[in-house]
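A short worksheet on the structure shown next.
For reference, positions follow the sequence shown, starting with 1. In this text, all values refer to a predicted model and were calculated from it rather than measured experimentally.
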Amino acid sequence: MGAGADAVRGRAAGPVRAVLRRTGRQARLSGLAGLTALTVLSGCATGPSLENRGQVTAAPGDSRRLSIGSAGFTESELLAQMYAVLLGKAGYGTGILTVGNRELYEPSLESGQIDVVPEYAATFADWLNAKTNGADADPVASPDLGTTMKVLRGLATPRGLTVLPPGRAVDQNAFAVAASYARQHRLKTLSDLGRAKLPVRLAAGDECVRRPFCAPGLKRTYGIDITAVDPKGVGTTPAKQAVQNGQDQMVLTTSTDATVEQFGLVFLADDKKLQNADYVVPVVNRARAGSRRVAAALGKLNSVLTTQDLAELNQRVDSWRRLPEDVARDYLRKKGLL
């Protein structure tokens with residue numbers, strides 16, 4: 001996903017939470033046990049050592065108890081809960097470990113402290129690339145899903161990770177304008193906005209000024225005249241209100257934001273594919289969860305979960321204040337997976 005959406009997901013910043021939730025119960029580690037879990041995560045290795053590189057090419061493991069990682073934001077929690085239910089139905093014991101920082105949970109995935117994590121293809125590819133080749137390495141992800149998956153798997157495999165097939169759901173940067181503004185100027189796509197030559201004040205995170213998938217990309221790819229970036233955050237209520245009341249003309253949010261209509265906004269299609277292929281992908285530790293049975297269980301979600309579905313599930317948690325585990329289980333039951 002683009003940089004702006006990374007900010008809204010909170011995957012690179014913010015306080016770290018370590019919580020183990022047993023599937024079907026609300027038992028949680030707390031106090032000393034919680035601190036121990038966090039200490040274990042912080043001290044994890046960053047992948048197979050030179051002495052243990054054979055585990056990368058060894059037969060995939062099939063552990064009976066699997067720990068599922070969540071990055072702590074709503075969407076990640078929903079996906080982790082659905083993974084837990086599907087794996088539970090397939091005969092695995094499961095627990096959910098919530099750690100709101102990729103710098104902690106990714107090494108834990110490599111070392112086997114965490115066995116399964118919901119990830120985003122393009123974002124994870126660029127993150128592993130930077131980890132492997134340095135922070136200044138050129139990005140390797142692209143809008144093409146096939147290309148992105150090939151690069152991602154090439155980076156993940158040497159670390160003992162297996163990237164399972166992506167589904168249809170994608171969570172990437174998305175841009176919305178007021179519905180009345182779109183009607184007035186006959187806008188359906190970002191190309192339409194570029195051709196209209198309208199001055200656009202963009203409500204977004206302050207990093208949008210320099211990120212290639214935000215203001216610079218809108219100017220370069222679509223010719224949109226971004227006159228200023230209003231630093232109200234990515235997809236926040238103040239950002240959407242600023243577009244609703246005409247203070248700004250467009251807002252940066254995400255493709256799984258189900259609240260845009262509540263503010264009288266509509267998405268403009270990214271018809272030239274500025275955004276990278278940030279499809280939801282399960283990533284597993286090969287030595288512990290690389291079996292065909294795990295892949296088959298998680299693959300069932302790929303056949304049903306769409307971007308719109310994910311947006312609606314997010315809304316049920318964020319707006320309706322329902323528990324992620326309840327929303328996840330209800331959705332799987334509705335889709336005939338339970």
Q. Is there a donor in the side chain of T256 and an acceptor in the side chain of D171, or the other way round, less than 3.5 Å apart?
A. yes
Q.
I'd like to check D225 versus V200 (side-chain heavy atoms, cut-off strictly below 4.5 Å). Are they in contact?
A. no
Q.
Can you confirm whether K232 sits close enough to V251 that some side-chain heavy atom of one is under 4.5 Å from a side-chain heavy atom of the other?
A. no
Q) In chain order, what residues pass the ring pair (Phe, Tyr, Trp, His ring centres under 6.0 Å) check against Y181, with sequence neighbours excluded? A) H185
Q) Just by distance, do the side chain of T132 and the backbone of N129 share a donor-acceptor pair under 3.5 Å? A) no
Q. Do Q308 and E312 have a side chain donor and acceptor closer than 3.5 Å?
A. yes
**Q.** same_hphob_cluster(L187, F263) at 4.5 Å side-chain heavy-atom cutoff
**A.** no
Q: Could you verify whether a donor N or O on one side chain and an acceptor N or O on the other, from Y120 and D126, lie under 3.5 Å apart?
A: no
Q: Share the residues that join W320 in a hydrophobic cluster, the rule being Ile, Leu, Val, Met, Phe, Trp or Tyr side chains under 4.5 Å apart at the heavy-atom level.
A: none
Q: Report the C-alpha separation of L86 and K89 in whole Å, then their side-chain angles, then the decisive distance to 0.1 Å, and conclude whether the side chain to side chain contact (heavy atoms under 4.5 Å, CB included) test is met.
A: CA-CA 5 Å; L86 291 171; K89 185 180 179 183; 5.7 Å; no
Q.
Hydrogens and angles aside, do E119 and Y105 bring a side-chain donor and acceptor to less than 3.5 Å of each other?
A. yes
Q: I would like to know whether Y83 and I96 meet side chain to side chain contact (heavy atoms under 4.5 Å, CB included); could you show each step before the answer?
A: CA-CA 10 Å; Y83 288 3; I96 295 178; over 6 Å; no
(Q) Using side-chain heavy atoms (C-beta onward) and a distance below 4.5 Å, is D270 in contact with Y222? (A) yes
Q: Test V294 against L66 for side chain to side chain contact (heavy atoms under 4.5 Å, CB included), laying out the working first.
A: CA-CA 10 Å; V294 168; L66 299 175; 4.0 Å; yes
Q | Verify same cluster id: F267, Y279 (apolar side-chain graph, 4.5 Å) | A | no
Q) Hey, does the side chain of S76 reach the backbone of S70 with a donor-acceptor pair shorter than 3.5 angstrom? A) no
Q. Is the OH atom of Y331 crowded by more than 12 outside heavy atoms at less than 6.0 Å?
A. yes
Q | SG-CG distance between C214 and L252, expressed to the nearest 0.5 angstrom | A | 4.5 Å
Q.
Under the criterion side chain to side chain contact (heavy atoms under 4.5 Å, CB included), I'd like the reasoning laid out for R102 against K131: C-alpha separation, chi angles, the key distance, then a yes or no.
A. CA-CA 11 Å; R102 186 182 277 114; K131 183 175 180 179; over 6 Å; no
Q.
Contact between K272 and S191 at the side-chain level, heavy atoms closer than 4.5 Å - yes or no?
A. yes
Q. Going hydrophobic residue to hydrophobic residue with side-chain gaps under 4.5 angstrom, can you get from L274 over to L268?
A. yes
Q) Can you hop from F175 to V209 via hydrophobic side chains spaced under 4.5 Å? A) yes
(Q) With a 3.5 Å distance limit and no angle check, can you tell me whether R321 reaches the backbone of D318 through a side-chain donor-acceptor pair? (A) yes
Q | Among R288, R64, R65, R286, salt bridge (Lys or Arg N to Asp or Glu O under 4.0 Å) partner for D115 | A | R288
Q: State plainly whether one hydrophobic cluster holds both L190 and V243, where clusters connect Ile, Leu, Val, Met, Phe, Trp and Tyr through side-chain heavy atoms under 4.5 angstrom apart.
A: no
**Q.** Value rounded to 0.5 Å, distance of CG in L338 from CE in M82
**A.** 11.0 Å
Q) Thinking salt bridges, do E106 and R159 make one under a 4.0 Å N-O criterion? A) no
Q: Check whether any side-chain heavy atom of E110 sits under 4.5 Å from a side-chain heavy atom of L161, and report yes or no.
A: yes
Q) With a 3.5 Å cut-off and no angle check, do the side chains of T253 and K240 form a donor-acceptor pair? A) no
Q. Any side-chain heavy atom of F213 within less than 4.5 Å of one from N276?
A. yes
Q) With sequence neighbours excluded, what pairs up with V327 under the side-chain contact (heavy atoms from CB on, under 4.5 Å) test? A) L78, L313, R316, V317, R322
Q: Using side chain to side chain contact (heavy atoms under 4.5 Å, CB included) as the criterion, point out the one residue from L164, V163, V283 that pairs with R153.
A: V163
Q: State whether the number of non-hydrogen atoms from other residues, nucleotides or ligands found under 6.0 Å of Q247 atom CD is greater than 12.
A: yes
